[in-house]
Protein chains: 2
Amino acid sequence: MIENISDSSVRRLSAYLRQLEHFSADGVAVVSSQLLARRMNVGDAMIRRDLALFGQFGRPGVGYDVDQLTANLRKILGTNMRWNTVILGAGKLSRALMEYPGFHERGFEIVAAFDIDPRKVDTKVGDIPIHHMDELETILAQCQARIAILTVPAEVAQQVTDRLAGAGIDGILNFATTHLETPQGIHIDQVDITAHLEQLCFHATNAIP
Amino acid sequence: MIENISDSSVRRLSAYLRQLEHFSADGVAVVSSQLLARRMNVGDAMIRRDLALFGQFGRPGVGYDVDQLTANLRKILGTNMRWNTVILGAGKLSRALMEYPGFHERGFEIVAAFDIDPRKVDTKVGDIPIHHMDELETILAQCQARIAILTVPAEVAQQVTDRLAGAGIDGILNFATTHLETPQGIHIDQVDITAHLEQLCFHATNAIP
DNA sequence: GTATGTGAAGTTATTCACAGCG
DNA sequence: CGCTGTGAATAACTTCACATAC
């Protein structure tokens with residue numbers, strides 16, 4: 001079932017969900033694919049097609065119930081349950097992520113961080129304890145985290161990945177600027193902020209004036 | 001010319017560039033599309049195809065000169081020159097980005113930040129001054145920045161975007177969890193870290209066991 | 001009348017496979 | 001002989017357009 005579903009579709013489901021959060025906050029109860037599409041500039045047919053991959057969620061002549069579709073998208077994405085998450089590396093970026101409230105609000109709980117710097121180990125950021133990397137396997141077994149965020153230096157990213165895989169992690173979000181060899185049975189998603197800047201740069205450079 | 005080039009291709013060019021940086025650091029002078037492809041698990045033909053969009057950079061029977069291809073990719077992306085960049089919002093994430101050395105190394109110079117919090121305004125993060133939002137247009141005119149990074153709350157992201165557009169910014173990297181209406185002549189690229197987590201979540205939930 | 005869900009059509013992206021160069 | 005660059009073939013994605021449901 002999952003086989004036929006493209007990453008692009010899944011990414012768009014997240015975007016729809018984000019937009020639905022806004023509609024809900026504004027007190028909008030029902031949206032049509034057309035309205036949703038206009039807000040995000042995509043085609044309305046694409047929204048219907050993406051949703052159709054998973055079932056029938058709308059009512060012809062009416063549209064989609066905002067709360068109901070929100071719940072359905074959460075169920076599809078899996079964020080209708082809570083996901084314990086750990087973060088590897090306790091640098092600046094890591095701290096910013098630990099203090100970002102949006103993760104908690106959307107089902108992700110950062111339960112522990114890991115570093116090797118003795119000045120950081122055994123301190124806390126908010127409620128989140130920072131452990132030594134040596135304790136990785138022990139703590140992971142305790143906290144049942146299935147997702148990990150990688151903010152360690154590129155040079156050690158692969159070995160940390162392999163340890164995470166060994167400890168039974170299911171998915172890794174990689175902020176290191178290096179491509180990771182993906183261990184069996186794991187998903188890795190890379191966030192390269194520099195690449196995003198380069199994309200803007202490309203368009204600014206090659207714009208048709 | 002730019003019309004025919006997909007965003008996916010441009011994103012991959014960044015990824016190739018990142019990998020070439022690693023090859024160069026390891027002292028590798030020449031790479032074949034096959035070797036590069038193996039390192040990134042993509043097809044070798046795709047790399048050749050992506051590059052072919054912009055010219056002929058390799059030598060049949062040999063491969064690509066690492067330094068030369070690096071220089072060519074930088075030229076294509078536009079990062080062979082320096083890009084003054086400003087950052088809007090001076091929260092945790094913003095500070096992490098300001099202190100990230102990778103931007104400078106790759107051609108992006110964060111020259112100023114903006115916020116409305118009086119406790120932050122007129123202080124500095126490293127060498128980067130934090131100005132009041134009121135000064136946005138004045139400072140932008142001075143520092144000639146063409147790229148902006150948005151880390152402001154979602155509620156004000158659109159109005160800040162419109163001001164940036166009015167002040168002549170060419171590209172915006174948006175970290176706010178809201179879709180932005182794109183002003184004429186500007187490019188906007190969104191980074192939704194939650195969406196990345198949701199993607200992992202989706203795969204972990206719907207994995208074929 | 002309005003909006004969904006979906007076959008069919010159209011478009012774009014990726015892979016194949018090989019001629020031709022070094 | 002190895003590797004690039006690229007037409008041709010294939011696969012994937014998106015849009016069109018309409019039968020169907022409200």
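Quick note: numbers below take in every heavy atom, side chains included, and nothing from hydrogens, waters or symmetry partners.
- Only S32(A), S33(A), listed by number, bring a heavy atom of residues 31-41 of chain A to less than 4.0 angstrom from any atom of DNA chain C.
- Residue pairs meeting the side chain to side chain donor-acceptor pair (under 3.5 Å) criterion with at least one member in residues 156-166 of chain A, sequence neighbours excluded, are E137(A)-R163(A), Q158(A)-D162(A).
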Using distance only, find each side-chain donor-acceptor pair of residues 52-61 of chain B under 3.5 Å and give its atom names and separation, not counting sequence neighbours.
none

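- Across the helix from dG1(C)-dC22(D) to dG22(C)-dC1(D), the helix axis at one end is tilted relative to the axis at the other end by 10° (nearest 10 degrees, each axis from five pairs).
- Not one N or O on the side chain of T79(A) forms a donor-acceptor pair closer than 3.5 Å with the backbone of G107(A).
- The closest donor-acceptor contact from the side chain of R146(A) to the backbone of G171(A) lies at 3.5 Å or more, if one exists at all.
- At distances below 3.5 Å, not a single donor-acceptor pair connects side-chain atoms of D170(B) with backbone N or O atoms of A204(A).
- The shortest heavy-atom contact between L13(B) and I76(B) is CD1-CG2, 3.9 Å.
- First and last contacts of DNA chain C with chain A, using any nucleotide atom under 4.0 Å from a protein heavy atom and ordered 5' to 3', fall at dT2(C) to dA8(C).
- For the segment residues 8-18 of chain B, the set of residues with a heavy atom within less than 4.0 Å of an atom of DNA chain D is empty.
- Using modelled atom types, no side-chain atom of Q199(A) and backbone atom of I188(B) make a donor-acceptor pair closer than 3.5 Å.
- Evaluation of the side chain to side chain donor-acceptor pair (under 3.5 Å) test over residues 27-38 of chain B, restricted to residues two or more places apart or in two chains, returns S33(B)-R48(B).
- A heavy-atom distance below 4.0 Å to DNA chain D is reached by these residues of residues 64-74 of chain B, ordered by number: Y64(B).
- With hydrogens and angles ignored, the 3.5 Å screen pairs no side-chain donor or acceptor of T85(B) with any backbone N or O of A148(B).
- Distance check: Y16(B) OH to L36(B) CG gives 7.5 Å after rounding to the nearest 0.5 Å.
- Within the structure, the ring-ring contact (aromatic ring centres under 6.0 Å, His included) test picks out the following pairs touching residues 157-192 of chain A (sequence neighbours left out): H187(A)-H203(B).
- Within 4.0 Å of R59(A), counting heavy atoms only, lie sugar-phosphate atoms of the nucleic acid but no base atom.
- L77(A) and T205(B) get closest at one heavy-atom pair: O-OG1, 3.9 Å.
- For F114(B), the ring-ring contact (aromatic ring centres under 6.0 Å, His included) test picks out H131(B), with sequence neighbours left out.
- Residue A157(B) comes nearest to L150(B) through the heavy atom pair O-CD2, 3.9 Å, listed as atom of the first residue, atom of the second, then distance.
- Of all heavy-atom pairs spanning I128(B) and A113(B), the tightest one is CG2-N, 3.9 Å.
- Annotation: of the two residues near DNA chain D, V62(B) and R49(B), the 5′-most nearest-nucleotide partner is V62(B).
- Residues R18(A) and T194(B) form a side-chain contact, since some pair of their non-hydrogen atoms from C-beta on lies under 4.5 Å apart.
- First and last contacting nucleotides of DNA chain D toward chain A (any atom under 4.0 angstrom from a heavy atom, 5' to 3' order): dC13(D) to dC22(D).
- The side chain to side chain donor-acceptor pair (under 3.5 Å) pairs that include a residue from residues 108-117 of chain B are R82(B)-E109(B), H104(B)-E109(B), D117(B)-R119(B), where partners are two or more places apart or lie in different chains.
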